[in-house]
Protein chains: 2
Amino acid sequence: MTTMKEIAQATGVSVSTVSLVVNGRDQGRVKPDIAERVRAQAKRMGYQPNPLASSLRTSHTRILGFISEEVATTPYAGGIIMGAQDAAARLGYMLITVSTDGVAEEGRQITALKRYGVDGFLYAKMYNRITDLPRALTTLPVVVANARERTGRVPSISPDEFQIGFDATQRLLEAGCQRIAYVGDQDPILAQGIRFKGYQAALKAAGRRCDPALVANVGFNQQALNGVEALVERASPDGFFCFNDARAWYVYEAAARRGLAIGRDWSVVGVDNHRVFAETLAPRLTTIELPHYEMGYWAACKLVSLIEGRELDPARAPDTTAPLPPLNAANPTSIHCQLLEKDSVAAQPRLGE
Amino acid sequence: MTTMKEIAQATGVSVSTVSLVVNGRDQGRVKPDIAERVRAQAKRMGYQPNPLASSLRTSHTRILGFISEEVATTPYAGGIIMGAQDAAARLGYMLITVSTDGVAEEGRQITALKRYGVDGFLYAKMYNRITDLPRALTTLPVVVANARERTGRVPSISPDEFQIGFDATQRLLEAGCQRIAYVGDQDPILAQGIRFKGYQAALKAAGRRCDPALVANVGFNQQALNGVEALVERASPDGFFCFNDARAWYVYEAAARRGLAIGRDWSVVGVDNHRVFAETLAPRLTTIELPHYEMGYWAACKLVSLIEGRELDPARAPDTTAPLPPLNAANPTSIHCQLLEKDSVAAQPRLGE
DNA sequence: CTGAAAGCGCTAACAC
DNA sequence: GTGTTAGCGCTTTCAG
């Protein structure tokens, strides 16, 4: 690791001059040719600033704390972390991730992160809901991902559940389905109700009426299977919008029991939470991906702009000349998320589209 | 954040004395009563050491770098990260996680981690295989998780695939199955072959013969379903050991098509990679969990012991009086992993059991 | 325009 | 036993 001191000696200037130059604050303070020599020398010696040392003076570490719950039991966080990390990397930041179960654990982790001098926090939740911030989090900038902070004072990025429900139903309409069922979740979680509203809206927009017989909100296992069976018996659907891939499973089993094939006899669109079906069912099941990567990406951008007190133009990468990557390299079309900020709840930038 | 300086002033001693005391290196160097006063004052003021500042002198940050691939597309890493993080927290370390796709990305991430002064690396892979270490990683302590480093010079922790195959088959035997099928993966990946050997060994140990007709190694989708269908037709199994839960899916569909029920007509044991079935099938499917959490936990312990140049007794938590948690709180019995080190390949501590 | 000097919080020689 | 001193790599006044 070469230091500023070494560059200074090699160039025959002082460390302070080197500091100014390598931080790009030499305009009108250092003679251009000297600055150039310093820059060249720094490059030649492969200089990398030591963020820890500079943090001692500035108390900015360029480290973001990423807090998420129960990473262990669901794959949800992977995408968010990836997105956040990509954004952080472009902006010259690092991510320290911690995952927590329970509030005691959470508090301790937050304290630890503060000791390491993180500049701000990303607070990610497992599923979209209304959430309160841990007390300990209030002293530094925070952005919430995959959930909505209750008071609206903290920027939150969450899936656009309405659009998800709307688009899923739209696809089934386009596939020519006549009787489109909604297989939802029994729990009255946020996403459940809003996706259902999107489903209804899409049907209305197409001039169809919403038949309550076509709706089943089910839980797990045998009970869920029975619920789907009853739905099929009473309403003879030919298309299914499934709240998630776990629900899609029951439709599959119902089809298998009747000797019917998805993709031929029935159409199914599911929201993919777990990704297992990507392996088993890809060509047969139409999935809508939750915009995890995107949420992580924009949450990190937002957080950095909060930290640095300046708006980052999310359309281009700051501090670098490289162009922004497509929002989601794997699936550039799945951009269903929204940013909620105080005073912006009405005018939500629908990212992408 | 209170500093040593503040404690020193409040107690009327010098910072160096405070430093000695709070680092527990005051034995025979600081008068006990002074030490006690310092400790009390530190506690009263809620002193937390600033690890970044001390790293400037010691070049030890108490940060571990965690490198994993493709977190985004599989949930595997969650458990490893959780385990590593828990161990790190007990040992007073933090984890910086980065995930990478491709070697260029990997190199850049490693460089970035080095700039942040990580003390060592955890190198986690998506599935169990033989792996080479990136060049950039060789200058610091490394432990490999969920894979095996080729030369054997780097400690590696990986699932005990043989034991997994053996135990899974054992459970089917105990359930009274007469014709136990193996539904494997088409790819000749490491785990595939070894789990199959475990399967064979368990059958042999029970005095059963291995019927090749009971084995199907399948890929995805229709082809996989056909493979399982053919297996069922030709060999009439009543028990299935499935390489992973994706494979178990095809057995479920085959059962549904025949009006058979898992848990009544057929027994199924699957290795759970994706965890989706935990939600849909929990009471019906017997799963063997890969020991992700445990691998992460012990990998981090091992890494810290490498860094600090001393053996940590893995049976008790160093630097804290709190007892070790059960290896996996959720499922304390699933301890199927092994530590490989140079000169220890023969005598593998089978963790737990 | 440039450099000397002080200091961020902490550690480690070395005096006293 | 304890305090003084110097310095880790960097930023930031402030003289010159």
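For the atom pair CZ of A/Phe121 and OG1 of A/Thr138, the computed distance is 10.0 Å after rounding to the nearest 0.5 Å.
In this structure, CG of A/Leu56 is placed 12 Å from C1' of D/dG7, rounded to the nearest angstrom. When the P atom of C/dG9 is taken as reference, atom CG of A/Asn50 falls 17 Å away, rounded to whole Å. Distance A/Gln27 CD to C/dT2 P: 13 Å, rounded to the nearest Å. The separation between A/Leu52 atom CG and D/dT11 atom P is 12 Å, rounded to whole Å. Here D/dT11 presents its C1' atom at 15 Å from CG of A/Asp26, a figure rounded to the nearest Å. Rounding to whole angstrom units, CD1 of residue A/Ile34 and P of C/dC1 are separated by 11 Å. Whole-Å rounding puts the B/Arg115 CZ to D/dG9 C1' distance at 14 Å. We find that CG of B/Leu20 is positioned 9 Å from P of C/dT11, with the value rounded to whole Å.
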Pairs: protein N or O with nucleotides 12-16 of chain C N or O, under 3.5 Å:
from: C/dA12; atom 1: OP2; to: B/Arg25; atom 2: NH2; distance (Å): 3.2

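One finds no side-chain N or O of B/Tyr47 lying less than 4.0 angstrom from the OP1 or OP2 phosphate oxygen of C/dG9. Note on A/Asn23: a side-chain N or O is less than 4.0 Å away from OP1 or OP2 of D/dT11.
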### Message
Under the criterion side-chain contact (heavy atoms from CB on, under 4.5 Å), I'd like the reasoning laid out for A/Leu64 against A/Ile307: C-alpha separation, chi angles, the key distance, then a yes or no.
### Response
CA-CA 10 Å; A/Leu64 308 179; A/Ile307 290 168; 3.6 Å; yes
#### Entry: side chain to side chain donor-acceptor pair (under 3.5 Å) evaluation trace for B/Lys125 with B/Tyr123
CA-CA 7 Å; B/Lys125 286 291 179 179; B/Tyr123 191 65; 3.2 Å; yes
#### Entry: Test log, rule side-chain contact (heavy atoms from CB on, under 4.5 Å), inputs B/Ile7 and B/Met45
CA-CA 8 Å; B/Ile7 298 176; B/Met45 302 174 77; 4.1 Å; yes
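A 4.5 Å side-chain heavy-atom check between B/Tyr93 and B/Ile63 finds every atom pair outside the cut-off. Side-chain contact between B/Leu113 and B/Ile96 is present, with at least one heavy-atom pair separated by less than 4.5 Å. Under the 4.5 Å side-chain criterion, counting only non-hydrogen atoms from C-beta, A/Val98 is in contact with B/Met94. Between A/Asp86 and A/Tyr297, some side-chain heavy-atom pair lies under the 4.5 Å cut-off.
A heavy-atom distance below 4.0 Å to DNA chain D is reached by these residues of residues 2-14 of chain A, ordered by number: A/Thr3, A/Met4.
The existence of a salt bridge linking A/Glu308 and A/Arg62 is confirmed by a sub-4.0 Å separation between a basic side-chain nitrogen and an acidic carboxylate oxygen.
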